[in-house]
Amino acid sequence: MSSPSAYNPHEVEARWYRQWEAGGCFKPDPSSSGSPFAIVIPPPNVTGILHMGHALNNTLQDIVIRFKRMQGHRALWVPGTDHAGIATQNVVERQLAKEKTTRHQLGREEFVKRVWAWRQEYGSTIVQQLRRLGSSCDWSRERFTMDEGLSQAVETAFLELYRAGLIYRGYYLVNWCPRCQTALSDEEVQHEEIQGHLYHIRYPSAAGGEGLVVATTRPETLLGDVAVAVHPEDERYRSLAGKTLLLPILKRPLKVIADPVVDRAFGTGAVKVTPAHDPVDFLFGQRHGLEAIRVMSAEGRMNEQAGPYAGMDRFECREKILEDLAAQGLLVKTEPHTSAVGHCYRCKTVVEPTLSPQWFVKMAPLAKLGIEAVEKDGLRFVPERWTKVYLDWLANIRDWCISRQIWWGHRIPAWYCRHCYPAFLEKQERGSLSDNLKMDEAQAGIHVGSKPAACRHCKGTDLVQDEDVLDTWFSSWLWPFSTLGWPRETEDLRTFYPTSLLVTGQDIIFFWVARMVMAGKFFLKKIPFREVYIHGIIRVEGGKKMSKSLGNIIDPLQVIDRMGTDALRFSIAHMTSEGQDLYLAEDKFLLGRNFANKLWNAARLILDSPSLPVSQSPIPFNPRSMTLADRWILNRLQRAIQETTDALNSYRFNAASRILYQFLWHEFCDWYLEIAKLQKEGGDPSLAQQTGFIQRTVLEAVLRLLHPFMPFITEEIWQKLQPETLMRAPWPTPNPAWIDPEAEELFGRLDFLVTEVRNIRAFFRVPAKEKVTLLVQGRKGTALLKEHENWLKRLAGIGELTADEKLKRPSGSAVSHLPAAGPFDAWDLVVPLAGLVNLDVERKRIEKEIEALQVRAKAKRSRLADSTFRSKAPPDVIAEEEESLKELGAQLAKWQDSLKQIQ
RNA sequence: GGGCUCAUAGCUCAGUUGGUUAGAGCGCUUCCUUGACAUGGAAGAGGUCAGAGGUUCGAGUCCUCUUGGGCCCACCA
């Protein structure tokens, strides 16, 4: 083929992807008798643009799915996207802001239309980018978490859980994002260590005494204080327990309550209690039947309960209140203090714990299923250590707040009586925290399901649907079966559920993986996948996270533009060691680019030479007529096939890529192809044809082995060998007839010899063009040299090669000694270098060699002299050591003899 | 406060069950451009495997501790 010398990926990538997709290559082959193998994609957000994390995640999935497909499985990779409630709503809201409007001005219906329009226009970006990565997803099965089928699944799931008593509405303290103005689940809150202060504030006694000093990090919340807590055995406060203090500024009377949860050693040992704005205080308030006073609005501003601070931002209020306390002499002390502050995972705003009515999933029974999945159903994490993380989380699980006060998402299927519900809510807000804060749905006029004709409590007919939508993850956790058709009993669901493997990052084990397992077990009574491969996180060199704000992004699309998709994919696979984070730098992708280039050029060489077509099977040559090099490379190939298969079966992507890199580059190209060129020069056309055939045979197998890693370039070359797509080619299996330990041994000897001669040439600076003479002194095995004289001479730069047991060593020679091995006895290599060899230099070279051998021999001797080693080590290890010591001794003698001859 | 993880060549990292002389890519040094590939070829330099102790005939590999990075979880305000 007259291809350009450098591989140009852009030409071929788009073309092949189109052809594969059009040819239905990504669909599971219905005629295949292989067992199903399914993966569901971790659905990227519709708002997403491809980053390195996606590139890693999808490359690994694609490697596996292509591998399984070639192995004859009915391989299915289900793609799709996630509607990403808050994230997407935020994107569209920002767009509205540019238009100087808000979603509230637009109204709910219009706004949701806008989001759909946005999705229509931009939502396919990430999906197109996945195609550029070469992802062999079955796009005919693409799903979206808001499409009709999945919405049906969400509603079904909600109702089933509700009927099972696992969904309830409650008035609780939840994580609230004042910017997004919605509740968040515990998992959606990111804790960050913040350098703050611990403020010591005096609460005077109502009776006029000094009172006591509390310590707090959040002085603005004191406006909502309803009590002060101390430890019952704390001497300092014993006299104050049960007494009344005066809340600074608002002058509200506060009881001092004794409770052993208070840590006497922290701060002052006295804690202010603010049930409406602190999770610990909320529990405390429940236990002691306190009321809760909300002092902030949904926007995080102080409300009318905050007295003089009403209307202020919460942080502004903090500053002002500290000022006022200081002015009144109540701010006793300020000390630096770091604490973990919760932030919204979407917008990074500091979360405000807020009392509000929300929907929850009761998790304890589901967590039990999740634990069972590991203990009984054989759910397996790779690497295994994540099992513990998963189980620990399940063991300490808390109920899942699933309602979100946004508009983009699945509307909650619940209806409220306009008459009963507000009345009930008002009562509950006024009640004490010791009341059951789960809502009594009948009394509250709450109806789950489709719209009822009338309120079951008051029989009124004025009912409205819940304004809230469900947490995005409430649809994601159904993904492994909702994408296959659930709740309908589809053919896909029967065939591909449970799926086989999930590939994802550690960051969503709680959000997604654990919840899918629970949902799978709950709704379908089966775990959704047998194996979970958890890959690392992408970082840049230096260990930092890759982020836009740090400006250290490496854009996979740019890498693709510059070096090609295959280069990106191969490099990623090469760097992916089990579960370790990946530290990236731009130049790491050169490895893949260069490798692709090497493959390309090897293929050019091979395809330009005459050969029988590979498709002419069975093998049209007599194995006995094969040259040693032929036998050797075929043997190496069998090994590469076996090892690559083993590596992929255990998801050791880097191992697989290293094996193929080593085989193609350093065995096939560096040795075999170089020898093959020379074999073909011999003039024997049948040998030339045979060599060409073997080259093609190896190339063909390499293309198949490399295809999961580098689909495009391998297909491009493959098509020059035969017309059928590589995607339908079977995965290679080792051919026992070509496993050839003898060839390995014989070839190894010649390879060693060539390297030694090259070594001597380089050491003594023999000019490249100058041929040397090689004298080989040895008995057994030297006949081999004559047979392979042609390529040995050429590869080592030898002009004349003589093998004889008793040759005279010319003075001024460089020597080397090959140890006895297998069918060979020890060989002495002598390269006469009259004039080039400086005797002093040669002596030093030999002395260095002797020294190294002596060090090794000494270590072995002392090991063998050790009686405990002799009595405890296994006999074969001892025998091996003895054998190798003997050989070392022989070597040493050779070198020492050579040294003598110089002197 | 709990847990996980990493520390191996100048840099970035491999090293499956403990067993001869610890590997790769990049970088570096020397040499090589008559056609597969300079995104290349040949040769080479470079490591007391973070430190200390232990188990073992034998430890980069297993155990304990220390030091120094990274991450996750956690209701000390």
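Residue numbers start from 1 in every chain, and the chains themselves are labelled A, B, ... in the order their sequence lines are given, proteins ahead of strands. Hydrogens, waters and symmetry mates are skipped; everything else that's a heavy atom, side chains included, is used.
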* Side chain of Asn597(A): nearest nucleotide among A14(B), A77(B), C37(B)? -> C37(B)
* Asked: Taking atom types as modelled, is there a side-chain donor on Asp646(A) or Gln642(A) under 3.5 Å from an acceptor on the other?
  -> yes
* Lys598(A), nearest nucleotide to its side chain (from A43(B), C71(B), G40(B)) -> G40(B)
* Asked: Does any N or O in the side chain of His343(A) come within less than 3.5 Å of the main-chain N or O of Val351(A), such that one atom is a donor and the other an acceptor?
  -> no
* Atom C1', compared across C37(B) and C28(B): separation rounded to whole Å -> 23 Å
* Between C73(B), U20(B), A77(B), which nucleotide gets closest to the side-chain atoms of Ser884(A)? -> U20(B)
* Expressed as a whole number of Å, how far does the C1' atom of A38(B) sit from that of C32(B)? -> 11 Å
* **Donor-acceptor contact below 3.5 Å, side chain Arg569(A) vs main chain Met710(A)** => no
* Asked: Which part of the nucleic acid, if any, lies within reach of Ser867(A) when heavy atoms closer than 4.0 Å are counted: base, sugar-phosphate only, or nothing?
  -> nothing
* With no hydrogens and no angle check, do the side chains of Gln506(A) and His535(A) hold a donor and an acceptor under 3.5 Å apart? -> no
* Separation of the C1' atoms in U67(B) and G41(B), to the nearest angstrom -> 45 Å
* To do: Please figure out whether Thr338(A) or Ala873(A) has its closest RNA chain B nucleotide nearer the 5' end.
  => Ala873(A)
* **Exercise: do Tyr203(A) and Asp225(A) side chains pair donor with acceptor under 3.5 Å** => yes
* Rounded to whole angstrom, note down the P distance from C4(B) over to G58(B). => 29 Å
* Between CZ of Arg604(A) and CG of Leu599(A), what distance do you get to the nearest 0.5 Å? -> 12.0 Å
* Is His337(A) touching bases, backbone alone, or none of the nucleic acid, heavy atoms closer than 4.0 Å? -> sugar-phosphate
* Separation of A45(B) C1' from Phe763(A) CZ (nearest whole Å) -> 12 Å
* Could you measure between the two C1' atoms, the one in A9(B) and the one in A45(B), and give it in whole Å? => 11 Å
* Asked: The side chain of Glu193(A) lies closest to which of these nucleotides: A36(B), C57(B), A74(B)?
  -> A74(B)
* Quick one: Met575(A) CE to C13(B) P, roughly how many Å, whole number? -> 10 Å
* What about Glu674(A), does its side chain sit under 3.5 Å from the base of A36(B) through a donor-acceptor pair? -> yes
* **Phosphate contact (A14(B) OP1 or OP2) by Ser577(A) side-chain N/O below 4.0 Å** => yes
* To do: For C13(B), take OP1 and OP2 only and decide whether either is under 4.0 Å from a side-chain N or O of Asn654(A).
  => no
* Using the ring of Phe510(A) (Phe, Tyr or Trp, six-membered ring only), decide whether Arg515(A) places NZ or CZ under 6.0 Å from its centre and within 45 degrees of its axis. => no
* To do: Would you please enumerate the stems RNA chain B participates in, each stem being three or more consecutive Watson-Crick or G-U wobble pairs with both distances under 3.5 Å?
  => B:1-7 with B:67-73, B:10-13 with B:23-26, B:28-32 with B:40-44, B:50-54 with B:62-66
* Asked: Quick one: which of Arg845(A), Glu849(A), Glu756(A) gives a side chain to side chain donor-acceptor pair (under 3.5 Å) with Ser816(A)?
  -> Glu756(A)
* Asked: A36(B) C1' sits how many Å from Ile717(A) CD1, rounded?
  -> 11 Å
* So what does Asp263(A) touch, heavy atoms closer than 4.0 Å: a base, only the sugar-phosphate, or nothing? -> base
* Nearest of A43(B), G3(B), U20(B) to any side-chain atom of Ala762(A)? -> A43(B)
* To do: Can you tell me, in whole Å, how much space there is between the P of G35(B) and that of U16(B)?
  => 43 Å
* Taking atom P in both G60(B) and C49(B), compute the distance separating them and give it to the nearest angstrom. => 7 Å
* To do: Rounded to the nearest angstrom, tell me the gap between atom CD in Glu880(A) and atom P in G58(B).
  => 18 Å
* Asked: Checking all strands, does Asp670(A) fall into the base, sugar-phosphate, or nothing category for heavy-atom contacts under 4.0 angstrom?
  -> sugar-phosphate
* Asked: Between G1(B) atom P and Asn396(A) atom CG, what is the distance in whole Å?
  -> 19 Å
* Consider only side-chain N and O atoms of Asp259(A) and His231(A), and report whether a donor and an acceptor are under 3.5 Å apart. => no
* Between U20(B), C76(B), A42(B), which nucleotide gets closest to the side-chain atoms of Arg758(A)? -> A42(B)
* CG of Leu864(A) versus P of C57(B): gap in Å, rounded? -> 16 Å
* What is the nucleic acid contact for Arg398(A), judged by heavy atoms within less than 4.0 Å: base, sugar-phosphate only, or nothing? -> sugar-phosphate
* Asked: Would you say the side chains of Thr691(A) and Gln679(A) form a donor-acceptor pair under 3.5 Å?
  -> yes
* Search all heavy atoms of Glu352(A) against all heavy atoms of His277(A) and return the closest pair with its distance. => OE2-ND1, 3.3 Å
* Starting at the 5' end of nucleotides 21-35 of chain B, put B wherever the base has a protein heavy atom under 4.0 Å, S where only the sugar-phosphate does, and a dash everywhere else. => B---S----S-SS--
* Hey, does Arg593(A) reach any base, or is it just sugar-phosphate, or nothing, if we go heavy atoms under 4.0 Å? -> base
* P atoms of U29(B) and C73(B), separation to the nearest Å -> 47 Å
* Return yes if a side-chain donor-acceptor contact under 3.5 Å exists between Glu188(A) and Tyr345(A), otherwise no. => yes
* Asked: In terms of side-chain heavy atoms of Lys848(A), which of C57(B), A45(B), C75(B) is nearest?
  -> A45(B)
* Return the value, rounded to whole Å, for the distance between atom CZ of Phe266(A) and atom P of A77(B). => 5 Å
